[in-house]
Amino acid sequence: MSLPGSLLSWIDLQFHDAIGAPLAGGTLECFEAGSTTVHKAVYTDAGRTVEHDNPLVLGSDGRPSASVFLGAGGYQFVLKDANGDQVGPPHDGAEDVGLTWLERFGLELAAGTKSVTDFYAIVSTDVLVTVASSGGPNPCHVTMPPAAGRGKPLIVKNVGTQPIALYPVGSDTIDGVEGAYTIPVAADGVCPSILLVSDGVSAWSILASHGVV
């Protein structure tokens, strides 16, 4: 899971013709990414409550009548002059990366390795790790990734019948303790889990837990 960059909202949105003059009376037509037939809305406000006309008609200065805010996912834009002739190739791939990322946040949180067993070492790409500790060593040993440089959360969930001994790396701590943290067994439909966040240096903190006493 990685955070996206953001749009440069201060850029002056002005369009020009092939010789650099403002595209007076031109249009900007907004489509789904990869399409020139399926229109996609853009908005005049950050709350996305008021849609622009599509295509947007540009003023005498080559600018739209109001700010242009994007929705989630990709866009393709087609620019035309006042005579309806296309100016340059379609521009594909523009998106509000922040909004797109937020709408995928649930998928990002579910990314990780599932049904691991004893002596699994959690890797940097894991966000959700499920541990199927049934029938193996008691406890099932799982090693944390280093806290240093970790910016994303980590969820460890026990779906098995052996407790988990969750070990921090080196001198890292979990809630101030260098030793292993125990996650109990799954029972009666409850799969105990903990949500951890790192300080980016050497300490993990348990932000929330389920089924852990």
Side-chain angles (χ1 to χ4, degrees), residues 1-8 32-34 48 70-75 92-213:
M1 182 176 66
S2 58
L3 293 174
S6 59
L7 297 172
L8 296 176
E32 292 279 356
R48 296 182 294 147
L70 307 181
Y75 282 83
D92 198 12
E95 64 179 315
D96 184 329
V97 288
L99 185 59
T100 300
W101 182 84
L102 285 173
E103 291 204 349
R104 288 182 49 85
F105 187 53
L107 297 176
E108 298 284 354
L109 285 177
T113 309
K114 309 303 187 294
S115 298
V116 305
T117 53
D118 197 40
F119 293 106
Y120 178 72
I122 297 173
V123 298
S124 61
T125 54
D126 285 332
V127 178
L128 171 62
V129 175
T130 64
V131 183
S133 55
S134 305
N138 184 354
C140 178
H141 300 81
V142 175
T143 304
M144 300 277 288
R150 176 87 179 200
K152 53 193 173 187
L154 174 64
I155 305 163
V156 181
K157 181 177 183 179
N158 194 351
V159 298
T161 57
Q162 303 286 13
I164 298 169
L166 186 63
Y167 287 90
V169 170
S171 59
D172 284 2
T173 60
I174 300 176
D175 273 2
V177 178
E178 285 191 23
Y181 182 88
T182 299
I183 302 177
V185 302
D188 299 325
V190 176
C191 295
S193 59
I194 57 173
L195 167 63
L196 304 107
V197 292
S198 166
D199 66 354
V201 181
S202 62
W204 289 91
S205 296
I206 298 175
L207 193 64
S209 64
H210 171 68
V212 178
V213 179

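Model, not experiment: these values are computed from the prediction. Positions are given from 1, in the same order as the sequence printed here.
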Handout entry: Polar side-chain atom of Q162 near backbone of C140 as donor-acceptor pair, under 3.5 Å
Key = no

Problem - Donor-acceptor contact present, side-chain S134 to main-chain T161, <3.5 Å - result: yes

Handout entry: Main-chain N/O of G34 paired with D92 side-chain donor or acceptor, under 3.5 Å
Key = yes

Problem - Nearest heavy-atom neighbours spanning P153 and V197 - result: CB-CG1, 4.2 Å

Handout entry: Exercise: identify the closest heavy-atom pair between P168 and E178
Key = CG-O, 3.0 Å

Exercise for the section: Starting from the C-alpha separation in whole Å, work towards a yes-or-no answer on side chain to side chain contact (heavy atoms under 4.5 Å, CB included) for L154 and M144. Expected result: CA-CA 9 Å; L154 174 64; M144 300 277 288; 3.8 Å; yes

Fill in the blank from the handout: Between the NE2 atom in H210 and the CD1 atom in I183, the distance rounded to the nearest 0.5 Å is 12.0 Å

Fill in the blank from the handout: Taken to the nearest 0.5 Å, the spacing of L196 CG from L207 CG works out to 8.5 Å

Exercise for the section: Can you measure from CH2 (W204) to OG1 (T173) and round to the nearest 0.5 angstrom? Expected result: 11.0 Å

Exercise for the section: Quick one: do V127 and K152 satisfy side chain to side chain contact (heavy atoms under 4.5 Å, CB included)? Show the steps, please. Expected result: CA-CA 7 Å; V127 178; K152 53 193 173 187; 4.2 Å; yes

Problem - Taking every non-hydrogen atom, the tightest pair across I164 and V142 - result: CG2-CG2, 3.9 Å

Exercise for the section: For the pair D118 (side chain) and G136 (backbone), establish whether a donor and an acceptor sit closer than 3.5 Å, ignoring hydrogens and angles. Expected result: no

Fill in the blank from the handout: Here the gap from N158 atom CG to S133 atom OG, rounded to the nearest 0.5 Å, amounts to 4.0 Å

Practice task
Can you measure from CD1 (I174) to OH (Y181) and round to the nearest 0.5 angstrom?
Solution key: 8.5 Å

Problem - Minimum heavy-atom distance P184-V212, with the two atoms named - result: CD-CG2, 4.0 Å

Handout entry: Where P163 and T182 come nearest, the two heavy atoms and their spacing
Key = CB-CG2, 4.3 Å

Exercise for the section: Identify the two heavy atoms, one from L166 and one from I194, that lie closest to each other, and give their separation to 0.1 Å. Expected result: CD2-CD1, 3.7 Å

Practice task
Please round to the nearest 0.5 Å and tell me the distance separating atom CD of E32 and atom OH of Y75.
Solution key: 8.0 Å

Handout entry: N/O donor-acceptor pair under 3.5 Å between T113 side chain and V129 backbone
Key = no

Practice task
Please answer whether the main-chain N or O of G200 pairs with a side-chain N or O of S198 as donor and acceptor at a distance below 3.5 Å.
Solution key: yes

Practice task
Check for a donor-acceptor pair, side chain of K157 on one end and backbone N or O of K114 on the other, with a separation under 3.5 Å.
Solution key: no

Exercise for the section: Look only at the side chain of D188 and the backbone of V190, and say whether a donor-acceptor pair between them is shorter than 3.5 Å. Expected result: no

